[in-house]
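Structure first, then comments.
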Amino acid sequence: MTNRPGPFGRTLCAMITPFTDAGTLDLEGARRLAERLVAGGCDGLVLNGTTGESPTTTDAEKARLVSAVREAVGDRVPLVAGVGTADTRHTIEQALAAGKAGADGVLVVTPYYSRPPQEAVEAHFRQVADASGLPLMLYDIPGRTGTRIEPDTMLRLAEHPRIVAVKDCSYDFLGTQKVLARTELAYYAGCDEHVLALYAVGAAGCVSTVANAVPGTFAAVLDAFDAGDTAHASRLQLRATALIEAMTGAGLPGTVTAKALLSELGLPAGPVRPPLLPAGRETAGGLRALYEELVSGS
């Protein structure tokens, strides 16, 4: 048995944004990385998310990145562009620009810092969905935004024809199941440690930071589950635990660890932009060792 299909693929990578050593946008590196991710098992890419350093890239850079990656991958996989800001008007502008640049959908985070009440959260998403014309993936990550999308709000938003998916970083497994049980929203695990658990209760797949380095890992987990070999799926998920923890749970942002590991592997990455700081040599070496351990056991 396979899960309900997601509108943007099943195994999506939250792709980093490569920069040159001087800190400028590395479009050739982005093309190369996107090609590697698709060839390695990702059937969708999320660009300009937090892992893509959206807080420190300009609107023009975001549009250029989408265009470059679309040129590289063609129509082989869907592209979802992060467009969320704390300003509804600016979010709509970015959504329209993403569509013109070639995005197939948009990822919209809850407005951050201002901590809007649920009525305002709902209105924000509806206005973006009405204006953009693209399928919309809600991004529920209250640990970063300060405001979650409550399950009841999700149920109402699911009625909108263009609100079709959720990237779930809520850490509320019960709330997630309530929405899954009552809507057709396609849920994507946004926390790598939850990929198999969420898929097992009906999610569509994942949006993974760890996939920047190991694009085939979670595709293999979900393939095993779909084939009915749940024990093997569990083994594969657990085998990735050490790298998941080092990349997303050890106190450094996933952008920092992903870029450090990709650089160790000789892949396009480049520096992070301030206020982020690069990982130290010891951290980078540790990530490389965990990566080698994971891929050698695949």
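Keep in mind it's a predicted model, so treat the numbers as computed, not measured. Note that these values count all heavy atoms, side chains included, but never hydrogens, waters or copies made by symmetry.
Annotation for Arg273: atom CZ counts as buried by contact number, over 12 foreign heavy atoms lying within 6.0 Å. Annotation for Arg76: atom CZ counts as buried by contact number, over 12 foreign heavy atoms lying within 6.0 Å. Shown here is Glu292, whose CD atom has more than 12 heavy atoms of other residues, nucleotides or ligands within 6.0 Å.
Contact record, Ala260 with Leu287: CB-CD1, 4.1 Å, taken as the closest heavy-atom pair. Shortest non-hydrogen contact noted between Leu79 and Val66 is CD1-O, 4.1 Å. Closest of all the heavy-atom pairs between Ala95 and Ser132 is CB-CB, 3.7 Å. The shortest non-hydrogen separation linking Gly175 to Pro151 is CA-CG, 3.9 Å. Here the closest heavy-atom approach between residue Thr176 and residue Ser170 is recorded as OG1-OG, 3.7 Å. The heavy-atom pair separating Ile16 from Ala269 by the smallest distance is CD1-CA, 3.7 Å.
Of the possible donor and acceptor atoms, none in the side chain of Asn212 sits under 3.5 Å from a partner among the backbone N and O of Leu262. At least one donor-acceptor pair closer than 3.5 Å links the side chain of Lys62 to the backbone N or O of Thr57. Using a distance-only test at 3.5 Å, with no hydrogens or angles considered, no donor-acceptor pair links the side chain of Thr248 to the main chain of Glu245. Proximity of a side-chain donor or acceptor of Thr91 to a complementary backbone N or O of Thr85 within less than 3.5 Å is detected. The closest donor-acceptor contact from the side chain of Asp140 to the backbone of Cys169 lies at 3.5 Å or more, if one exists at all. Side chain of Arg239 to backbone of Gly297: a donor-acceptor contact under 3.5 angstrom is found. Distance alone, capped at 3.5 Å, is enough to place a donor-acceptor pair between the Thr255 side chain and the Thr50 backbone. Within the 3.5 Å criterion, the main-chain N or O of Leu267 finds no donor-acceptor partner in the side chain of Arg36. Of the possible polar contacts, one joining the Gln237 side chain to the Asp192 backbone as a donor-acceptor pair under 3.5 Å is found. Counting only distance, with no hydrogens or angles, the side chain of Thr56 and the backbone of Glu53 share a donor-acceptor pair below 3.5 Å.
In this structure, a donor-acceptor pair under 3.5 Å is absent between the side chains of Ser54 and Asn48. Checking Thr209 against Thr51 by side-chain atom types alone, a donor-acceptor pair falls below 3.5 Å.
Counting Ile, Leu, Val, Met, Phe, Trp and Tyr side chains that sit under 4.5 Å apart, directly or through other members, Phe19 shares a hydrophobic cluster with Leu25, Leu27. Members clustered with Val256: Leu252, Val272, Leu276, by chain and number, using a 4.5 Å side-chain heavy-atom cutoff among hydrophobic residues.
If you take CZ on Arg156 and CD1 on Ile163, they are separated by 11.5 Å, rounding to the nearest 0.5 Å.
No path of Ile, Leu, Val, Met, Phe, Trp and Tyr side chains, each step under 4.5 Å between heavy atoms, connects Leu222 with Val166, placing them in separate hydrophobic clusters. In this structure, Leu134 is not a member of the same hydrophobic cluster as Val80, with clusters built from ILVMFWY side-chain heavy atoms closer than 4.5 Å. With hydrophobic clusters built from ILVMFWY side chains whose heavy atoms lie under 4.5 angstrom apart, Val221 shares a cluster with Val295. Under a hydrophobic-cluster definition in which Ile, Leu, Val, Met, Phe, Trp and Tyr are linked whenever side-chain heavy atoms come within less than 4.5 Å, directly or via other members, Phe125 and Ile141 are assigned to different clusters.
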For this session: Go through the steps for Leu12 and Val77 under the test side chain to side chain contact (heavy atoms under 4.5 Å, CB included), then give the verdict.
Result: CA-CA 9 Å; Leu12 284 67; Val77 300; over 6 Å; no

For this session: Just do the side chain to side chain donor-acceptor pair (under 3.5 Å) check on Thr20 and Asp26 with the steps written out, would you?
Result: CA-CA 5 Å; Thr20 66; Asp26 179 6; over 6 Å; no

For this session: Show the numbers, then the answer: is there a side chain to side chain contact (heavy atoms under 4.5 Å, CB included) between Phe218 and Arg10?
Result: CA-CA 10 Å; Phe218 293 116; Arg10 189 187 62 170; over 6 Å; no

Problem set entry | Steps toward salt bridge (Lys or Arg N to Asp or Glu O under 4.0 Å) verdict (Arg64, Asp59) | CA-CA 9 Å; Arg64 289 168 62 203; Asp59 290 2; over 6 Å; no

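The stretch residues 79-88 participates, sequence neighbours left out, in no salt bridge (Lys or Arg N to Asp or Glu O under 4.0 Å) pair at all. Listed by first and then second residue, the ring pair (Phe, Tyr, Trp, His ring centres under 6.0 Å) pairs involving residues 144-189 are Tyr171-His194 (not counting sequence neighbours). The salt bridge (Lys or Arg N to Asp or Glu O under 4.0 Å) contacts involving residues 157-170 comprise nothing, where partners must be two or more places apart or lie in separate chains.
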Would you tabulate the side-chain donor-acceptor contacts of residues 106-117 under 3.5 Å, counting partners in other chains and residues two or more places apart, or write 'none'?
residue : atom : partner : partner atom : Å
Arg115  : NH1  : Gly146  : O            : 3.1

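A salt bridge does not link Lys259 with Glu264: every distance from a Lys NZ or Arg NE/NH1/NH2 to an Asp or Glu carboxylate oxygen is 4.0 Å or more. For Asp152 and Arg182, the salt-bridge test fails: no basic side-chain N is under 4.0 Å from an acidic carboxylate O. Using a 4.0 Å cut-off between a side-chain N of Lys or Arg and a carboxylate O of Asp or Glu, Glu28 and Arg31 qualify as a salt bridge.
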